[in-house]
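For ligands, and for the atoms within them, numbers begin at 1 and follow the listed sequence.
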Amino acid sequence: MNDINPAILNREDISVRSAVASWLGAFEDALGNTDTAALASLFEADGHWRDLVAFTWHLSPFAGAADIAAGLANAQPSIKASGFAIDPNRTPPRRAKRLGRDVIEAFFAFETDLGRGNGVVRLLDDTNARAWNFLTTLEELKGHEEHLGPRRPSGEAYSRNFGGENWLDQRNRSRAYEDREPTVLVVGGGQAGLGIAARLGQLDIDTLIVDRLPRIGDCWRLRYHSLALHNEIHANHLPYMPFPQNWPKYIPKDMLGNWFEFYADAMSINFWTSTEFVDGAYDDKEKCWSATVRRSDGTERTFRPRHVVFANGVSGIPKVPDLPGLKEFKGDVLHSHSFTDGSGWHGKKALVLGTGNSGHDVAQDLHSHGVETTIIQRGSGTVVSIDPSAKMNYAMYEEGPPLEDCDFLASMATYPLVVHGYQLAVERMVELDKDIIEGLKAKGFKYDIGHDKTGHQMKYRRRGGGYYLDAGCSGLIIDGEISLMQFDTIETFVEDGALLTDGTIVPADLFVLATGYYAQQELVRRLLGDEIAERVGEIWGIDTEGEMGNMWKRTAQEGLWFMAGSLAQCRIYSKYLALQIKAVEEGIIEGQRAD
Ligand SMILES: Cc1cc2nc3c(=O)[nH]c(=O)nc-3n(C[C@H](O)[C@H](O)[C@H](O)COP(=O)(O)OP(=O)(O)OC[C@H]3O[C@@H](n4cnc5c(N)ncnc54)[C@H](O)[C@@H]3O)c2cc1C
């Protein structure tokens, strides 16, 4: 029962703890004996196990008691996991409702031959308990622990170093890369790049970020004027350094951009701004990349890093569709990527093509600047209120457990559970958002909640778009302040605007294409060539294992990794990606996925 004083526990606590402790004990015995039958008997027939790097050095989902038992027994001889016990430093075991089922949920710790791990188990019953959900994660590699808290650096190397380099001298030398190569080159310094660089720094891996923008944080600053984050602050912290307590719930883009700059400095991240990654090739013999970057003055440097992490955004190359007659249009044409605000078009008329987040936000911004705006819908779309509906998916972060514990809970679900969870949430969201949905439909808006009723969250995971988190534009459409037009009513674009099939012309001075971006595989193709792009395959979306395609894990191309996602995903998965890179560097695993 660990080191908790039983005198402070009530009867309920004791019963919950004893169910968990006895399950963990039986689990350890069965695992130690690699007894597949005994392992299988500890899981529900419809049980799920997700391993984040601890047993499989991969992000691996398993479904069903037999598969889980086989996976565990297969890994155990080399991993040698042991010491499974309730973690006294985390939220105590408790009863909870998860995906409609009553569970006992407990955080546990364990060790492997090479590392220390964390996990979560959800049991369905107190007696003869079997696990329904099970998560194992690698926390750290023994001998390579992060320099945090009691392990913080002494600072001797640069403090009171009379006659020698001080901290700033060392930082300047470190980021100049005059006489050395980075081990890891990170392409892109948004939240994905900063997250992985901060984590690698803690593992003593020499890392350089390059970003083509002039200032750290510009990836957010340069977005449109009115942007604020859609998720509440408590889900959005970067690794190691939470946002200040007095910050607003919904962080405005410039505030976030400035934080990124501050964060890079505070985390001693080596960062070259105004530097574009232009070309890369992998040297199989030397096991490193030849990676060329170009600075804004035109000078180039070719680095020889062992790893390249693409953190260059899933929205890198704007997609511009071939629209009939668009060349004839005499007004301004912009992709939403280049739209900042509508002040230059006050009193004029605008068309906005696309009903995703960007389309709606651009339309709302134009409207707020006194522009007569029409939004054009091509396919159907999901619309969700930011509050109360969208925030439901992050409700766990408001339950009380610390951020790290919530991150474990958020990482537990395998694909079938993710789908089921979102289906349950969507049922509730549709109810909560009934008035908006009905109002939009009455205006002719084509509304959907995804083919399997998983709503915006699965659209985000599958294709990174196709939905709108309502920041107020839906109300403007419903009230007729912003007009809605269906794309199939347009015959062609003409000099003055859009000619409709009924012969009328919708006049416009500005046409904004909020038509999305090419997938990241296209960035790989353009920067690393067809062969690597084909070898790696689809990036983002759901892969055959039910995990995010090529994200945060080894790929088919040695030394090539991908980081992307929401602020929460970047915080969570940067840890596992950094540990994998460290494991490659330490010769524990190969640098490419074995198929
Ligand atoms: C309106 C809106 C609201 C949002 N709200 C939230 C929210 O509340 N919570 C949340 O988690 N997410 C939110 N997001 C989504 C998400 O966080 C972002 O899209 C995020 O920017 C992704 O981060 P990233 O680091 O992967 O990519 P990016 O921010 O796109 O950064 C990529 C970087 O790579 C650089 N780059 C690209 N190619 C190269 C190259 N060849 N060489 C050098 N540099 C290169 C770019 O300059 C850029 O700085 C929101 C997005 C929008 C538009």
Side-chain angles (χ1 to χ4, degrees), residues 185-197 208-238 248-253 256-257 260-261 264 271-280 291-296 308-318 336-337 339 356-362 364-365 386-387 390-391 393-394 397 456-457 460 464-465 467-471 473 514 516-518 520 522-524 526-528 539-540 551-552 562-574:
L185 182 70
V186 177
V187 183
Q191 65 221 28
L194 289 170
I196 187 63
L208 169 66
I209 297 181
V210 292
D211 198 300
R212 61 183 169 208
L213 295 175
R215 195 175 153 200
I216 301 173
D218 275 353
C219 52
W220 282 98
R221 272 186 217 100
L222 296 179
R223 288 179 170 174
Y224 53 85
H225 194 72
S226 48
L227 193 161
L229 285 185
H230 286 145
N231 301 330
E232 288 186 79
I233 189 164
H234 48 250
N236 287 335
H237 303 290
L238 301 183
K249 268 192 192 172
Y250 296 101
I251 305 176
K253 62 164 183 112
L256 186 63
F260 278 17
E261 200 168 29
F271 197 128
W272 285 14
T273 51
S274 301
T275 305
E276 182 166 15
F277 177 98
V278 287
D279 190 31
T292 304
V293 302
R294 186 178 300 143
R295 307 195 79 162
S296 52
V308 167
V309 178
F310 266 26
N312 43 5
V314 277
S315 45
I317 309 171
S336 57
H337 190 71
F339 179 86
N357 272 318
S358 301
H360 277 92
D361 285 349
V362 167
Q364 189 169 358
D365 188 273
I386 291 178
D387 189 356
K391 65 186 274 194
N393 287 320
Y394 291 90
Y397 284 84
H456 73 286
Q457 284 284 4
Y460 168 68
Y467 59 86
Y468 170 50
L469 301 182
D470 183 17
C473 190
Y517 298 85
Y518 283 101
Q520 213 173 6
E522 186 55 31
L523 290 179
V524 175
R526 293 188 192 190
L527 295 169
L528 304 178
I539 303 152
W540 200 255
M551 265 307 133
W552 319 302
F562 295 93
M563 256 314 294
S566 66
L567 283 140
Q569 286 171 315
C570 288
R571 177 183 66 247
I572 294 171
Y573 291 102
S574 54

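- By the 6.0 Å contact criterion, NE2 on His230 is enclosed, its count of non-hydrogen atoms from other residues, nucleotides or ligands being greater than 12.
- How far CG of Asp211 is from CD1 of Ile216: 8.5 Å, rounded to the nearest 0.5 Å.
- Counting heavy atoms closer than 4.0 Å to ligand 1, residue Cys570 contributes nothing at all.
- The proximity of Tyr460 to ligand 1, defined as any non-hydrogen pair under 4.0 Å, does not occur for either the backbone or the side chain.
- The contact set between ligand 1 and Gly188, taken as ligand atoms under 4.0 Å from a residue heavy atom, comprises 33 (C), 34 (O), 35 (C).
- The pair Arg294-Glu276 fails the salt-bridge criterion, with no side-chain N (NZ, NE, NH1 or NH2) lying under 4.0 Å from an Asp/Glu carboxylate O.
- Under 4.0 Å from ligand 1, heavy atoms of Asn312 appear from its side chain as well as its backbone.
- Among residues two or more places apart in sequence or in another chain, the side-chain contact (heavy atoms from CB on, under 4.5 Å) test is passed with Asp279 by Thr292.
- Near Leu213, with a cut-off below 4.0 Å to any heavy atom, the atoms of ligand 1 are 47 (O), 49 (O).
- Polar contact with ligand 1: absent for Glu276 (N/O pair, distance under 3.5 Å).
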Intermediate values then yes/no, side-chain contact (heavy atoms from CB on, under 4.5 Å), Cys219 and Leu213:
CA-CA 7 Å; Cys219 52; Leu213 295 175; 4.2 Å; yes
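- Listed for the Gln364 side chain is a donor-acceptor partner under 3.5 Å among the backbone atoms of Cys473.
- Residue nearest to atom 16 (C) of ligand 1, selected from Gln191, Arg294, Glu232: Gln191 (by heavy-atom distance).
- Under the 4.0 angstrom criterion for non-hydrogen atoms, Arg223 is in contact with ligand 1.
- Residue contacts with ligand 1 do not include Asn357, since none of its heavy atoms lies under 4.0 Å from the ligand.
- For Gln191 (side chain) and Gly565 (main-chain N/O), a donor-acceptor pair under 3.5 Å exists by modelled atom type.
- Judged by distance alone, the side chain of Asn236 and the main-chain N or O of Asn231 form a donor-acceptor pair under 3.5 Å.
- Under a 4.0 Å heavy-atom criterion, Thr275 is in contact with ligand 1.
- In terms of polar-atom proximity, defined here as any N/O pair under 3.5 Å, Ala568 makes no such contact with ligand 1.
- Contact annotation: for Asp218 versus ligand 1, there are no heavy atoms closer than 4.0 Å.
- Each of the following atoms of ligand 1 lies closer than 4.0 Å to a heavy atom of Asp361: 1 (C).
- Judged as a side-chain contact (heavy atoms from CB on, under 4.5 Å), and not counting sequence neighbours, the contacts of Ser566 are Tyr394, Tyr460, Ala568, Gln569.
- At least one donor-acceptor pair under 3.5 Å links the side chain of Lys253 to the backbone N or O of Arg221.
- Taking any N or O of Leu227, backbone or side chain, none lies under 3.5 Å from an N or O belonging to ligand 1.
- Considering only non-hydrogen atoms, atom 41 (N) of ligand 1 lies nearest to Phe277 out of Tyr250, Phe260, Phe277.
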